[in-house]
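A short worksheet on the structure shown next.
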Protein chains: 2
Amino acid sequence: MKRFSDLTPAAERIVDAAELLIKSKGYNGFSFEDLARQVGIRKPSIYHHFEAKMELGAIVAQRYTHRFRESLLRIEGATVDAKTRLQAYADLFETTYRTNRSLCICGMLGAEADSLPDEVNIEVRRFFAVNIEWLTMVLSEGIMKGSIRNIASAQDLAESFLDTMEGALITGRTSPDARGPRRAADVILAALSS
Amino acid sequence: MKRFSDLTPAAERIVDAAELLIKSKGYNGFSFEDLARQVGIRKPSIYHHFEAKMELGAIVAQRYTHRFRESLLRIEGATVDAKTRLQAYADLFETTYRTNRSLCICGMLGAEADSLPDEVNIEVRRFFAVNIEWLTMVLSEGIMKGSIRNIASAQDLAESFLDTMEGALITGRTSPDARGPRRAADVILAALSS
DNA sequence: GTCTATACTTGGATAGAC
DNA sequence: GTCTATCCAAGTATAGAC
């Protein structure tokens, strides 16, 4: 598999556009025609950079996961206690939400999983694994230090928290008065604060 | 718009199949060919019952919401306290989850909203509104009676809870060791119990 | 209510010139 | 790196017979 770090500038522009399209319409909802129009080139030019649509899907997910990890590192550097870290984490989703009520790429691809090539699903699974791992780490630290109530395993808490974030993006799409991921996180965090 | 209650038996078999397909692959992920094959008829026969694909999508969502409301009524009849009701509610999602890791129809359609006809989106919005309303009712009763901690408005709690359920279905799709909606709900309920 | 046949469009993908 | 031209499959939808 091609790696996102090998992308030429032209290829990167294509991936940028594909990311936007997947966020908005999903993998099954965009075509090479849409993509080419957005980039300002013609359909066949895309094949000079990518072998097939599924490769593009996989690379979008791969790069997204990579950037998300960078954000997690930044949060670890900038904050200390669990609650603040989780708020910063929720703000990553809130930013996505505020940008045209976009979805998390991997939330979208996760929903579509049954009709997606394995190549793509593998990357999506990695995204969720990375998130669960990070959240588990943060939450178990919070439990140890006493700022998070010890009502369930850190792993269980992590999963619920991630679920809430992914769900908030989806329900926020069609509900005009939805409050968004940050608010949803605040509710959970209030319930978990000791 | 046609209503789901007017469906002939033949039309109903088509809606049944469409529901399964949307749950699995999404609105953009299934074709009339798939649908016809599943029902055991030919593509054009579908048009005898439905004018277009979007009508089918809207009716699937409409019937799904109707049945969901029946389930909510059943829960109200069979249980009393907020926590038990919310567990029963989570079990509705758990059942969906255990059935081939299916998605909530409206979670799927919500994710795809940007590429869906208004006709469909309107029904999806109704589903979420119904759920939020019901959860708000249950939660505010729980707060009044003291079984649910008063850490946020019933409306905010309702939204977080629904988000968690929808998200659990999505993250559960690609994560082999995901715990599912019921477990996610138990975590939240433990945090909300006074 | 279902069929065959078919129209028309779009979608993913390739060949080969510039 | 991008283009035109083109292929073929699939997708939605219609006409009209049974």
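Throughout, protein chains are lettered first and strands after them, A, B, ... in sequence-line order, and every chain is numbered starting at 1.
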Q.
From C-beta outward on A:Tyr47, which listed nucleotide comes closest to its side chain: C:dA13, D:dG1, C:dC3?
A. C:dA13
Q. When the distance from NZ of A:Lys43 to C1' of D:dA9 is rounded to whole Å, what number comes out?
A. 12 Å
Q) Which atoms form the tightest heavy-atom contact between A:Leu103 and A:Thr96, and what is the distance? A) O-CG2, 3.5 Å
Q) In whole angstrom, what separates A:Glu33's CD from D:dT6's C1'? A) 15 Å
Q. Which nucleotide in the set C:dG12, D:dC3, C:dA13 lies at the smallest distance from any side-chain heavy atom of A:Ser31?
A. C:dG12
Q.
Mind checking if B:Phe50 touches a base, just sugar-phosphate, or nothing, with heavy atoms under 4.0 Å?
A. nothing
(Q) If you compare every side-chain N and O of B:His48 against the phosphate oxygens of C:dT2 (OP1, OP2), does one of them come in below 4.0 Å? (A) no
Q. Between A:Asp34 and A:Glu51, which has a closest nucleotide on DNA chain C that is more 5'?
A. A:Asp34
**Q.** Nucleotide C:dG12, atom C1' - distance to CG of A:Leu116 in whole Å
**A.** 15 Å
Q. Which nucleotide in the set C:dT2, D:dG11, C:dA13 lies at the smallest distance from any side-chain heavy atom of B:His49?
A. C:dT2
Q. Do A:Leu162 and A:Trp134 come close enough that some side-chain heavy atom pair is under 4.5 Å?
A. no
Q.
Can you identify which nucleotide, out of C:dT2, C:dA5, D:dG1, has its nearest atom closest to the B:Arg13 side chain?
A. C:dT2
Q: Report the nucleotide, chosen from C:dG1, D:dC3, D:dG1, that has the shortest atom-to-atom distance to any side-chain atom of A:Thr8.
A: D:dG1
Q. Taking only side-chain nitrogens and oxygens of A:Ser45, does any of them come within less than 4.0 Å of OP1 or OP2 of D:dG1?
A. no
Q: Go through D:dT12, D:dG1, C:dT2 for me and flag the one nearest to the B:Phe32 side chain.
A: D:dT12
Q: Identify which nucleotide among D:dG1, D:dA13, C:dG12 has an atom closest to any side-chain atom of B:Lys53, counting heavy atoms from C-beta outward.
A: D:dA13
Q) For A:Ile46 and D:dC3, what is the distance between atoms CD1 and P respectively, to the nearest whole Å? A) 10 Å
Q) Side-chain contact, heavy-atom cut-off 4.5 Å: A:Arg85 with A:Glu141? A) yes
Q. Taking it one step at a time, do B:Arg182 and B:Gln87 satisfy side-chain contact (heavy atoms from CB on, under 4.5 Å)?
A. CA-CA 7 Å; B:Arg182 174 60 199 258; B:Gln87 280 166 341; 3.7 Å; yes
Q. How about B:Phe50 and B:Phe32: are their ring centres within less than 6.0 Å of each other?
A. no
Q) Given atom CD of A:Glu55 and atom C1' of C:dA13, what is their separation to the nearest angstrom? A) 14 Å
**Q.** d(CG, B:Asn28; C1', D:dT12) in whole Å
**A.** 13 Å
Q. What is the distance from CG of A:Leu56 to C1' of C:dG11, rounded to the nearest Å?
A. 14 Å
Q. Side chain of B:Pro44: nearest nucleotide among C:dA5, C:dT2, D:dG11?
A. C:dA5
